[in-house]
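Only one structure is covered here, and it is reproduced in the block below.
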Amino acid sequence: MNRVALVTGATGGMGKEIVKALYNHNYDLITIGRNEKKFQEFLISENYDKNHISFYKCDITKLAQLEILKQTICKNYKQIDVLINCAGG
Ligand SMILES: NC(=O)c1ccc[n+]([C@@H]2O[C@H](COP(=O)([O-])OP(=O)(O)OC[C@H]3O[C@@H](n4cnc5c(N)ncnc54)[C@H](OP(=O)(O)O)[C@@H]3O)[C@@H](O)[C@H]2O)c1
């Protein structure tokens, strides 16, 4: 079973580069951002396998969205091995 990494700000900047590095080291990626279109373009440009990388739309400045994100992640994953907080702003 692959290790699991959660990366906020994964669709741009440093977060995106970290996602690439972790994907290449066989992590399963949970990526967080506000712009799903940007994520889909990234997925296609890198030819990533959707079974190993998922996107959850969330504005991390919005507490209500964060609460839903927390519940969803806890339901879908047994554990997070690596947490990278790279959301800009
Ligand atoms: N770059 C530098 O030189 C530098 C230096 C020191 C510190 N930092 C800090 O390091 C972190 C990463 O820097 P960066 O330059 O790589 O960041 P960035 O390019 O500004 O942002 C990376 C991604 O964060 C997402 N994001 C922004 N606000 C968000 C929000 N409220 N909720 C969810 N996602 C959000 C955006 O994706 P979406 O459009 O999909 O939401 C964006 O693609 C930032 O916190 C920055 O302040 C950066």
Side-chain angles (χ1 to χ4, degrees):
M1 199 172 92
N2 289 348
R3 285 187 288 177
V4 176
L6 187 154
V7 184
T8 71
T11 57
M14 294 190 291
K16 190 174 176 179
E17 297 309 313
I18 290 169
V19 165
K20 289 184 196 173
L22 291 171
Y23 186 93
N24 290 334
H25 281 83
N26 299 318
Y27 277 80
D28 284 347
L29 274 304
I30 303 166
T31 67
I32 314 292
R34 297 164 300 181
N35 187 333
E36 182 152 15
K37 187 167 174 277
K38 243 162 77 175
F39 170 76
Q40 294 299 344
E41 287 166 359
F42 173 47
L43 209 62
I44 291 165
S45 69
E46 298 297 323
N47 200 22
Y48 283 163
D49 179 350
K50 281 184 186 168
N51 292 319
H52 293 290
I53 180 164
S54 0
F55 179 80
Y56 292 88
K57 186 174 173 174
C58 178
D59 181 335
I60 62 157
T61 65
K62 306 275 191 280
L63 276 182
Q65 290 186 27
L66 270 179
E67 183 58 34
I68 292 168
L69 176 69
K70 183 186 82 177
Q71 288 174 15
T72 308
I73 299 290
C74 288
K75 198 171 73 184
N76 293 347
Y77 296 87
K78 286 198 181 105
Q79 68 180 54
I80 306 290
D81 300 293
V82 174
L83 171 65
I84 309 280
N85 290 310
C86 258

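For the single chain, residues carry numbers from 1 onward in sequence order. Both counts, for ligands and for their atoms, begin at 1 and track the order of listing.
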Any protein heavy-atom neighbour for [atom] (distance below 4.0 angstrom)?
atom	result
atom 15 (O) of ligand 1	no
atom 30 (C) of ligand 1	yes
atom 34 (N) of ligand 1	yes
atom 44 (C) of ligand 1	yes
atom 23 (C) of ligand 1	yes

- Item | Nearest non-hydrogen partners of D59 and Q65, listed with the distance | N-OE1, 2.7 Å
- For residues R34 and K57, report the shortest heavy-atom separation together with the two atoms involved. O-CE, 3.2 Å
Validation row: [X], [Y] side chains within 4.5 angstrom (heavy atoms):
X	Y	answer
T11	F42	no
R3	V82	no
L6	V4	no
Y48	K20	yes

- Message: Under 4.0 Å from a heavy atom of D59: which atoms of ligand 1 are those, numbered in the order shown and with their elements?
- Response: 30 (C), 31 (N), 32 (N)
- Query: Under 4.0 Å from any heavy atom of G13, which atoms of ligand 1 are there?
  - Reply: 16 (O), 19 (O)
Is it the case that ligand 1 has an N or O less than 3.5 angstrom from some N or O of [X]?
X	result
I60	yes
G12	yes
A87	yes
G15	no

- Message: Heavy-atom contact check, 4.0 Å cutoff: does T8 meet ligand 1?
- Response: no
- Should T61 be listed as contacting ligand 1, given a heavy-atom distance under 4.0 Å as the test? yes
- Message: Any carboxylate oxygen within less than 4.0 angstrom of a Lys/Arg side-chain nitrogen, looking at K38 and E41?
- Response: no
Are [X] and [Y] linked, directly or through other ILVMFWY residues, by side chains that come within less than 4.5 angstrom of each other?
X	Y	value
F55	I60	no
I44	I53	no
I73	L83	yes

[atom]: the protein heavy-atom neighbour that sits closest, reported with distance to 0.1 Å:
atom	value
atom 10 (O) of ligand 1	M14 CE, 3.2 Å
atom 25 (C) of ligand 1	G9 CA, 3.6 Å
atom 18 (P) of ligand 1	G88 CA, 4.0 Å
atom 39 (O) of ligand 1	K38 NZ, 2.8 Å
atom 40 (O) of ligand 1	T11 OG1, 2.8 Å
atom 47 (O) of ligand 1	G89 O, 3.8 Å
atom 12 (C) of ligand 1	C86 O, 3.1 Å

- Nearest-0.5 Å distance, OG1 of residue T31 to OH of residue Y23: 12.0 Å
- CD (E67) and OG1 (T72) are apart, to the nearest 0.5 Å, by 9.5 Å
- Within the 4.0 Å heavy-atom cut-off, what C58 brings close to ligand 1 is backbone
- Which of these, K57, R34, K37, E36, has its nearest heavy atom closest to atom 27 (C) of ligand 1? R34
- Are V19 and Y27 close enough, and set up right, to give a side chain to side chain contact (heavy atoms under 4.5 Å, CB included), and what steps lead you there? CA-CA 9 Å; V19 165; Y27 277 80; over 6 Å; no
